[in-house]
Number of protein chains: 2
Amino acid sequence: MNRVLAHTGARYPIVQAPMGWIARSQLASAVCEAGGLGIIETSSGETEACKAEILKMRALTAAPFGVNLPIRFLKDDAMLRFICDSPVKFVTTSAGSPAKFIAPLKAAGIIVYHAVPTVETALKCVAAGVDGLVVEGAEGGGFKNPEEVSTLVLLQAIRRVTDVPMIAAGGIADGKGMAAAFAAGAEGVQMGTRFVSAAESPVHANYKQAIVDATETGTLFLNRKASPCIRALRTERTKAIAEAGLMPPDTFARILDLYFGGDMEAAVGLAGQTAGLIGEVKPVRAIIEETVAEFHAICGRMGALAGGGF
Amino acid sequence: MNRVLAHTGARYPIVQAPMGWIARSQLASAVCEAGGLGIIETSSGETEACKAEILKMRALTAAPFGVNLPIRFLKDDAMLRFICDSPVKFVTTSAGSPAKFIAPLKAAGIIVYHAVPTVETALKCVAAGVDGLVVEGAEGGGFKNPEEVSTLVLLQAIRRVTDVPMIAAGGIADGKGMAAAFAAGAEGVQMGTRFVSAAESPVHANYKQAIVDATETGTLFLNRKASPCIRALRTERTKAIAEAGLMPPDTFARILDLYFGGDMEAAVGLAGQTAGLIGEVKPVRAIIEETVAEFHAICGRMGALAGGGF
């Protein structure tokens with residue numbers, strides 16, 4: 001039995017990443033309705049809006065969904081308490097040590113996966129009692145660990161030290177990436193950039209088109225020597241940040257003008273290297289069904305080699 | 001039929017990377033004898049020594065082997081002419097445009113794969129008439145392209161635009177990595193760091209032990225804004241280079257003292273992120289046989305999902 005399916009209750013082990021402001025009920029419910037696991041973000045810090053989005057999910061889908069709690073970004077334990085009192089049964093934690101969150105979440109009967117960028121963090125999370133890990137390779141978009149390790153290496157490195165289930169994140173946009181992640185030990189995948197570009201994603205068409213237009217070298221890893229490190233689309237603004245080395249403090253001030261206003265130079269458009277694999281805006285259902293079909297086709301092709309061929 | 005096997009004549013589609021000074025007959029012949037494809041380096045620039053190593057291979061193994069021609073590093077066409085007149089049937093080119101090399105190599109009946117870090121370079125190579133590509137992800141060791149793209153993303157991105165056979169390089173140290181690469185579209189894998197750490201590798205025990213001791217975050221990507229970019233083991237010297245941003249011109253002056261003298265601070269010990277996956281020094285035959293067995297076991301596990309499972 002696939003443990004990610006057992007833990008999430010979804011039809012497919014395909015999770016939508018919790019992008020700030022973007023991962024709300026419109027996108028997450030489309031993912032759930034198509035058989036994946038939609039996740040509602042709370043990293044925007046808009047506590048009341050996120051609570052409302054979580055409540056809205058029940059009206060939009062009968063399928064299970066999850067919530068992300070980015071520990072370092074939470075002002076207080078209001079969101080934690082809200083989740084513990086809600087019917088939510090699956091939480092991903094990220095950005096900080098989950099140790100203090102585990103006990104209340106587990107007491108509320110909630111499954112907890114923590115997002116990890118290194119083996120060291122993975123071991124701490126397992127010791128703290130997480131049920132599984134979101135294994136985040138450096139090729140993924142958004143907020144990143146400054147010590148870059150690729151998804152391919154990180155999945156294998158973590159599997160060497162623990163047997164908890166892994167959801168692979170970073171570098172995956174379809175069934176090829178999903179099959180590669182499973183071959184390396186994952187039991188599920190998380191896709192962010194792919195779902196940002198989906199028809200049901202609430203972002204401006206310019207942002208989706210920028211993802212479609214980007215090549216595999218179309219993102220930059222920024223702010224390596226400070227915090228937070230991010231991976232974002234290559235634009236005039238991000239090229240200037242890369243050149244300077246440091247990210248100005250107002251970098252995210254106008255993020256909503258980029259996400260929803262379509263001004264791609266207003267802030268930084270977070271995205272992973274998979275932008276180079278995404279050729280068109282598609283409905284969530286098509287993305288998920290094509291991913292699953294391609295995954296199974298590759299499983300068949302791999303299975304044909306099991307007898308000793310190549 | 002696996003095209004990498006057809007092109008190389010090896011028993012397994014496992015290629016040993018052409019590490020300067022290290023990829024000589026002792027290591028390459030062990031790889032060939034174990035069923036992989038050993039490759040003799042010429043990037044050291046020691047033309048006469050490399051010619052002697054190529055001649056020596058015939059005494060050490062009856063199996064086919066290859067030679068690497070790093071175009072930008074070749075002082076003249078002496079090595080190219082030597083290879084064209086030799087019985088060598090498989091060449092990898094790297095570090096520069098292979099366009100001018102293709103015609104003489106093909107005229108000599110030699111199969112040519114070029115090592116590429118981006119889709120753009122891959123398309124140029126295919127247009128120039130290469131038989132296949134070594135697809136080099138950023139997690140690999142040694143000389144790198146400053147625009148980092150992970151092996152997982154790069155394999156998929158290149159497969160979107162061309163159907164030539166791909167040998168995946170970077171992030172692969174065993175059968176898990178090999179299976180993941182095949183799932184993403186590769187028909188062969190190249191391993192560098194893993195073979196540097198092998199029992200038959202000519203390097204000093206300290207270098208092998210440094211690879212064994214390294215974690216998955218144990219390498220640094222250096223000299224991003226200059227040339228050449230490299231990935232090397234994290235040491236006092238490489239940490240200082242990372243901090244400064246630029247690599248001093250004498251960085252490689254004492255490379256032989258590191259490789260063969262065991263002074264890990266004498267220069268920079270090139271290695272990939274797979275250093276974090278390598279737990280012990282093993283003979284080449286064990287590395288290759290375990291890789292093949294694990295690859296086929298994973299193919300079996302993947303095949304069991306082909307009917308619709310996860």
Side-chain angles (χ1 to χ4, degrees), chain A residues 2 4-5 12-13 118-120 137-139 147-160 170-174 176-185 187-188 215-217 221 245 272-274 276-277 279 292 295-310, chain B residues 2 4-5 12-13 118-120 137-139 147-160 170-174 176-185 187-188 215-217 221 245 272-274 276-277 279 292 295-310:
Chain A
N2 179 296
V4 170
L5 289 185
Y12 305 126
T118 62
V119 170
E120 188 183 0
E139 54 265 73
E147 291 188 318
E148 294 182 76
V149 184
S150 78
T151 299
L152 175 58
V153 170
L154 191 59
L155 285 170
Q156 299 179 70
I158 292 178
R159 181 51 82 234
R160 282 164 55 90
I172 300 150
D174 59 26
K176 285 184 286 295
M178 183 172 172
F182 273 57
E187 285 169 69
T215 68
E216 86 288 5
T217 58
F221 195 88
Q273 291 179 5
T274 54
L277 306 176
V292 169
F295 170 78
H296 285 129
I298 294 170
C299 286
R301 180 165 63 70
M302 299 287 286
L305 306 177
F310 296 99
Chain B
N2 180 297
V4 170
L5 289 185
Y12 305 126
T118 62
V119 169
E120 187 182 2
E139 53 266 73
E147 292 188 317
E148 294 181 77
V149 184
S150 78
T151 298
L152 175 58
V153 170
L154 192 59
L155 286 169
Q156 298 180 70
I158 292 177
R159 182 51 80 234
R160 281 163 56 88
I172 299 151
D174 59 26
K176 284 184 287 295
M178 183 172 172
F182 272 58
E187 284 169 68
T215 67
E216 86 288 4
T217 58
F221 195 87
Q273 290 179 4
T274 54
L277 305 177
V292 169
F295 170 78
H296 285 130
I298 293 170
C299 286
R301 182 165 61 69
M302 299 288 284
L305 305 177
F310 296 99

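Residue numbering restarts at 1 for every chain, and letters A, B, ... go by the order of the sequence lines.
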Exercise. Side chain, backbone, both or neither: which part of A:V4 has an atom under 4.5 Å from a heavy atom of chain B?
Worked result: neither
Problem set entry | Qualifying residues under salt bridge (charged side-chain N to carboxylate O under 4.0 Å, His left out), relative to A:E216, sequence neighbours excluded | none
Exercise. Which one of A:G177, A:G308, A:A173 has the most heavy-atom pairs closer than 4.5 Å to chain B?
Worked result: A:G308
For this session: Check whether B:R159 gets within reach of chain A through its side chain, its backbone, both or neither, counting any heavy atom under 4.5 Å.
Result: neither
Problem set entry | Side chain, backbone, both or neither of A:E139 within contact of chain B (heavy atoms, under 4.5 Å) | side chain
Exercise. Using non-hydrogen atoms only, which part of B:L305 is less than 4.5 Å away from chain A: side chain, backbone, both, or neither?
Worked result: both
Exercise. When heavy-atom pairs shorter than 4.5 Å are enumerated against chain A, which of B:A138, B:P13, B:G279 gives the highest number?
Worked result: B:P13
For this session: Tell me, for A:I158 versus chain B, whether the close heavy atoms (under 4.5 Å) come from the side chain, the backbone, both or neither.
Result: neither
Problem set entry | chain B contact via A:L277 - which portion, at a heavy-atom distance below 4.5 Å | both
Problem set entry | A:T215, part contacting chain B, at a heavy-atom distance under 4.5 Å | neither
For this session: Quick one: do B:I172 and A:L152 satisfy side-chain contact (heavy atoms from CB on, under 4.5 Å)? Show the steps, please.
Result: CA-CA 8 Å; B:I172 299 151; A:L152 175 58; 4.3 Å; yes
For this session: Go through the atoms of B:F221 and report whether side chain, backbone, both or neither lie under 4.5 Å from a heavy atom of chain A.
Result: neither
